[in-house]
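Reviewing the structure listed below.
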Amino acid sequence: MTDVVDSDELLRRIRRARSWAGREEQTWKARSEELRTGDPDSSREAELRGHTYEAVRKALDEIVTPGVHDVDD
C-alpha cells in the first residue's frame with residue numbers, strides 16, 4: 001500500500017471494513033443455525049467463523065469509538 005491517505009479516508013475504510021465484518025458475522029451465525037440439526041460439525045465451523053468476524057468487528061468498533069465498549073463484552 002503506497003497511497004497516502006488522510007485521516008478521513010482511513011476512518012471511512014475502517015467503517016467499511018467494520019460493516020463488512022458485521023455482515024459476515026451475521027451470515028455465518030445464521031448458517032450455523034441452519035446446519036445445527038443436520039450437520040453439527042459444519043455448524044460448529046460456521047459458528048467459529050461467526051465468532052471470528054465478531055472479534056474483528058469489535059476491534060474495529062474500538063478503533064472508531066475508543067472506550068465506549070464494555071471490557072467484559
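These figures come from a predicted structure and were not determined experimentally. Every heavy atom of this structure was used, including side-chain atoms; hydrogens, water molecules and symmetry mates were not.
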Which residues pass the side chain to side chain contact (heavy atoms under 4.5 Å, CB included) test with [X], sequence neighbours left out?
X     : value
Ile14 : Leu10, Leu60, Ile63, Val64
Thr37 : none
Glu24 : Trp20, Trp28, Tyr53

task: Side-chain contact test, heavy atoms from C-beta onward, threshold under 4.5 Å: evaluate it for Lys29 versus Arg49 and give yes or no.
output: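 Sidechains of Arg49 and Lys29: no contact.
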query: Quick check: are there more than 12 heavy atoms from other residues, nucleotides or ligands sitting under 6.0 Å from CZ of Arg18?
result: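 For Arg18, atom CZ is crowded (more than 12 foreign heavy atoms under 6.0 Å).
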Counterpart residues, side-chain hydrogen bond (donor to acceptor under 3.5 Å, both in side chains), relative to [X] (two or more places apart):
X     : answer
Asp8  : none
Arg44 : Asp41
Glu33 : Arg36
Ser42 : Asp39

- prompt: Can Glu62 and Lys58 be counted as an ion pair, charged N to O under 4.0 angstrom?
  reply: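 Not counted as a salt bridge, because no side-chain N and carboxylate O are separated by less than 4.0 Å.
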Report the residues that fulfil salt bridge (Lys or Arg N to Asp or Glu O under 4.0 Å) with [X], sequence neighbours left out, ordered by chain and then residue number.
X     : answer
Asp6  : none
Arg16 : none
Arg57 : Glu25, Asp61
Arg12 : Glu9

message: For Ser43, is there any backbone N or O sitting under 3.5 Å from a side-chain donor or acceptor partner on Ser32?
response: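 Here the side-chain-to-backbone pair exists.
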- request: If you link ILVMFWY side chains whenever their heavy atoms are less than 4.5 Å apart, which other residues fall into the same cluster as Val4? By chain and number, please.
  value: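 None; Val4 is a cluster of one.
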